[in-house]
Protein chains: 2
Amino acid sequence: MSTTPSNALGGAVIIQQRNLVEQVADYLTQAIIGQRFAPGERLSEMQLARDLGVSRAPVREAARLLESRGLLVSQPRRGFFVRALDTGELSDVFDLRLCLERHALARLVTVFDAEKELALRRQVDIMCNAATGDSDSRKIEEDLSFHRMLIAYAGNRRLLKAFDDISHELRLCIALIGKTHADPDSIATSHWALLDALASGDPARCREAIDYHIGVARDYVVKGIGEA
Amino acid sequence: MSTTPSNALGGAVIIQQRNLVEQVADYLTQAIIGQRFAPGERLSEMQLARDLGVSRAPVREAARLLESRGLLVSQPRRGFFVRALDTGELSDVFDLRLCLERHALARLVTVFDAEKELALRRQVDIMCNAATGDSDSRKIEEDLSFHRMLIAYAGNRRLLKAFDDISHELRLCIALIGKTHADPDSIATSHWALLDALASGDPARCREAIDYHIGVARDYVVKGIGEA
DNA sequence: CGATTGACGACTGTCGACAGCTTGAAACCT
DNA sequence: AGGTTTCAAGCTGTCGACAGTCGTCAATCG
């Protein structure tokens with residue numbers, strides 16, 4: 001975790017002086033959703049700081065950040081622990097996601113236009129292409145990107161922030177079951193159905209579509225957890 | 001900012017060794033929603049640390065906490081600034097609140113029973129009593145308590161956390177207009193209507209009631225901001 | 001032999017310090 | 001005067017250090 005500026009002379013490189021906190025946060029995030037820490041495992045600030053070659057201050061700040069994102073939990077005087085999700089909490093996360101996306105679609109359907117439709121269709125195309133061959137994490141990211149676009153187009157930035165908050169937990173949920181969705185094709189189809197519902201302009205149809213879409217995802221994840 | 005244990009001998013007091021971070025966070029929260037900092041004002045870590053007689057570490061952590069709660073925003077290498085809300089952001093907050101409470105009521109109406117109804121009616125009684133004479137902040141807290149109970153009874157802890165997150169922003173919104181609701185009686189009446197809708201068991205009626213209730217609050221706050 | 005106590009090690013909470021960046025203003029040039 | 005450069009002050013990001021607390025394990029007592 002050494003700071004490597006690594007900027008060649010000629011190029012007007014966008015110097016991203018990423019502070020240590022962000023780098024540590026990224027490292028921890030990847031380690032957690034990559035299952036390199038066991039759920040419930042205690043993380044020692046000292047050890048992490050030693051391993052990463054930084055002091056404890058940025059480690060603490062990064063850990064607090066991940067705590068606010070729901071990836072870690074802290075106990076006073078005892079430190080940080082990797083979030084362990086039981087079936088109930090997992091179901092709650094998907095229920096909240098349903099809440100947010102229902103609302104976003106109800107708003108979006110009133111301002112839906114060709115430009116938004118095109119952008120969303122492009123994203124689904126990307127997902128279909130990624131369905132075969134790409135890594136699971138890539139598929140997950142493209143899927144989340146689609147839903148993030150959906151909410152962003154609804155026009156409520158605070159709603160988008162709420163989604164970003166739970167998206168980290170969603171990644172954790174998905175990572176916990178070790179695999180993405182059952183059938184890459186069916187999930188792609190489901191996204192087309194969402195777009196068709198939006199294009200129809202019928203709020204009830206949108207709601208049906210998103211209920212089905214998220215219901216399938218939730219059932220799959222909850223079932224996966226039950227097995228694991 | 002001294003730690004005052006203050007436990008008498010007899011009582012088996014639960015000793016809460018509040019750490020400095022929490023105390024600083026409380027101080028900053030009160031100062032912000034109490035309008036003792038101007039919106040957009042820059043807060044210096046050093047100065048705060050000096051004023052409060054602590055080092056910069058707990059101040060930083062508290063500031064990061066308030067940032068995650070939407071009361072502060074940070075810029076790299078520049079520090080923390082008091083969140084300034086424009087009309088659009090303010091409307092977004094209330095729209096998200098509507099989203100969460102709609103969902104909570106839809107869930108709650110399916111598990112509503114006499115015990116929950118009694119507890120909620122008691123809370124409305126408290127609010128009615130507080131309507132005359134008590135301080136504005138007290139009224140706000142009792143009002144928020146009612147809505148928090150509503151969501152807690154819905155049974156989704158993640159939903160409750162989302163509400164707690166925006167509740168801090170709600171306090172900021174309300175503080176920004178400098179006064180609570182127009183008519184203490186009308187707001188109390190509106191809460192009774194919510195309870196009646198829940199008791200009726202009719203989801204559509206619940207949705208109407210919460211839409212009206214939050215719509216009134218939002219219109220009032222948005223109008224208040226426009227004047228200020 | 002089981003329960004309690006005490007000491008030890010490890011870790012968190014907090015602190016003060018230093019380097020580098022940001023900012024505002026003085027000094028300078030045109 | 002208007003704009004630019006230089007400079008100093010203040011601040012943030014990061015670090016290492018210390019004190020108090022928590023968990024563990026062995027020694028002690030019933």
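Below, chains carry the letters A, B, ... as their sequence lines are ordered, and counting in each starts from 1.
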Looking at R60(A), does any N or O in its side chain come under 4.0 Å of the phosphate oxygens OP1/OP2 on dG13(C)?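 Yes, within the criterion.
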
Short side-chain N/O contact to dT23(C) OP1/OP2 from R78(B), under 4.0 Å: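 Checking dT23(C) against R78(B), a side-chain N or O does come within under 4.0 Å of OP1 or OP2.
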
Gap between atoms [atom1] and [atom2], on [X] and [N] respectively (whole Å):
| X | N | atom1 | atom2 | result |
| --- | --- | --- | --- | --- |
| Q75(A) | dG13(C) | CD | P | 11 Å |
| R56(B) | dC11(D) | CZ | P | 10 Å |
| F81(B) | dT22(C) | CZ | C1' | 11 Å |
| E45(A) | dT14(D) | CD | P | 15 Å |
| E22(A) | dG13(D) | CD | P | 11 Å |
| L43(A) | dA10(C) | CG | P | 19 Å |
| Q47(B) | dC11(D) | CD | C1' | 11 Å |
| R50(A) | dA17(D) | CZ | C1' | 15 Å |

Less than 3.5 Å between a donor and an acceptor, one on the side chain of R77(A) and one on the base of dG23(D), is that the case here?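 Counting by modelled atom types and ignoring angles, no donor-acceptor contact under 3.5 Å is found here.
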
Between D164(B) and R148(B), does any side-chain N to carboxylate O distance fall below 4.0 Å?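 Salt bridge between D164(B) and R148(B), a charged N being under 4.0 Å from a carboxylate O: yes.
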
Which label fits H191(A) and F146(A): parallel for a plane angle under 30°, tilted from 30 to 60°, or perpendicular past 60°?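 It falls in the perpendicular class, over 60°.
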
How do P58(B) and R42(B) order along DNA chain C: which one's closest nucleotide is nearer the 5' end?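 Between the two, 5'-proximity favours P58(B).
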
Among dC11(C), dC18(C), dC15(D), find the nucleotide with the atom closest to the side chain of S44(A).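 Of dC11(C), dC18(C), dC15(D), dC11(C) is nearest to the side chain of S44(A).
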
Rounded to the nearest 0.5 Å, what's the gap from CZ on R102(B) to CZ on R102(A)? Could you check?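 It comes to 11.0 Å.
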
Tell me whether the count of non-hydrogen atoms from other residues, nucleotides or ligands lying under 6.0 Å of CZ in R121(B) goes above 12.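 Counting other residues, nucleotides and ligands, CZ of R121(B) exceeds 12 neighbours.
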
